[in-house]
Amino acid sequence: MSFPGMTPPIGGMGGAGGANMQGMSEQEQAMVKAMHAAMESCPVKTVISGTMGFALGGAFGLFMASMSYDSAFTPQGAAISDLPWREQVRRGFKDMGARSWSSAKNFGIVGALYSGTECCIEGLRAKNDLTNSVAAGCITGGILGAKAGPQAAAAGCVGFAAFSAAIDAYMRMPSEE
């Protein structure tokens, strides 16, 4: 697609990364090509998704742990409220760290598993459409639910596929610009 004032891509790059390659040396152009190729590889996408999932999960776990508190009316809260203030704070931070770490690991695993599966399916099918995300969601949900048995794996497959379809359909909607 060409718009007025738009410079066409140079050297058959197909607009690698949307970068205008005019004025770049051959070495710089080669670096841009290598970075673009790395960003399109399944292992790099998987690692990036896992890392981002880990970071998001850690933040989410930290937030959820900070919202969780024991009142003096629960047995755990009564035991904690009898402790000195410093010990209460120490235990609270220790619990927040444990919950944050657990959530970070889980989000990282889900992100890497889904992204890697979707990338592999896209590579096998040589298409980028809604079917890739639905299939990747089903496989990811099935793997995550497999430890709990076949019914849980099937429910995970259906649930994660539906969620993936909804998110991907929303992301593919044309913007209102």
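The structure presented is a predicted model; accordingly, all values stated were derived computationally and were not measured.
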Which heavy atom of Phe60 sits nearest a heavy atom of Ser103, and at what distance?
CD2-OG, 3.9 Å
Would Leu130 end up clustered with Tyr170 when hydrophobic side chains under 4.5 Å apart are linked, directly or stepwise?
no
On a heavy-atom basis, the closest approach of Thr46 and Ala112 is CG2-O, 3.4 Å
Can you list every pair that meets side chain to side chain donor-acceptor pair (under 3.5 Å) and has a residue in residues 48-65, with sequence neighbours left out?
Ser49-Ser115
Approximate separation, where rounding is to 0.5 Å, of Gln29 CD and Gln27 CD:
11.0 Å
Hey, could you give me the CZ/CZ distance between Arg86 and Arg90, rounded to the nearest 0.5 Å?
11.5 Å
Single-linkage hydrophobic cluster Met173~Met171, side-chain heavy atoms < 4.5 angstrom
yes
Quick check on Met96: does its CE atom have over 12 non-hydrogen neighbours (other residues, nucleotides or ligands) under 6.0 Å away?
yes
Hey, what do you get for CD1 (Ile139) to CD (Glu118), rounding to the nearest 0.5 Å?
10.5 Å
Same apolar cluster (I L V M F W Y, side chains within < 4.5 Å links), Met39/Met52:
yes
From Arg99 CZ over to Leu62 CG, what is the distance, rounded to the nearest 0.5 angstrom?
11.0 Å
Under 3.5 Å donor-acceptor, Glu122 side chain and Asn132 backbone
no
Answer whether the closest heavy-atom distance between the side chains of Val44 and Met35 falls below 4.5 Å.
no
Under a single-linkage definition using a 4.5 Å side-chain heavy-atom cutoff for Ile, Leu, Val, Met, Phe, Trp and Tyr, are Ile143 and Ile121 assigned to the same hydrophobic cluster?
yes
Grab the two heavy atoms, one from Glu28 and one from Met24, that are nearest each other, plus how far apart they are.
OE1-CA, 3.3 Å
Check: Leu113 and Leu144 side chains under 4.5 Å, non-hydrogen atoms
yes
Take the SG atom of Cys42, take the SG atom of Cys120, and say whether they are under 2.5 Å apart.
no
For Tyr114 and Ser133, which heavy atoms make the closest approach, and how far apart are they?
OH-CB, 3.2 Å
For residues Phe54 and Phe107, establish whether the separation of their ring centroids is below 6.0 Å.
no
So how far is it from Ser100 OG to Asp95 CG, rounded to the nearest 0.5 Å?
10.5 Å
Here the pair of heavy atoms bringing Gly145 nearest to Ala152 is O-CB, 3.5 Å
Measure the spacing between CZ of Phe163 and OG1 of Thr140 and express it to the nearest 0.5 Å.
12.0 Å
Test side chain to side chain contact (heavy atoms under 4.5 Å, CB included) applied to Lys45 and Glu40, step by step
CA-CA 7 Å; Lys45 283 183 181 180; Glu40 290 296 318; 4.1 Å; yes
Residues Asp129 and Asp168: closest non-hydrogen pair is O-OD2, 4.0 Å
Are Val134 and Leu124 in one and the same hydrophobic cluster, where Ile, Leu, Val, Met, Phe, Trp and Tyr link if side-chain heavy atoms are under 4.5 Å apart?
no
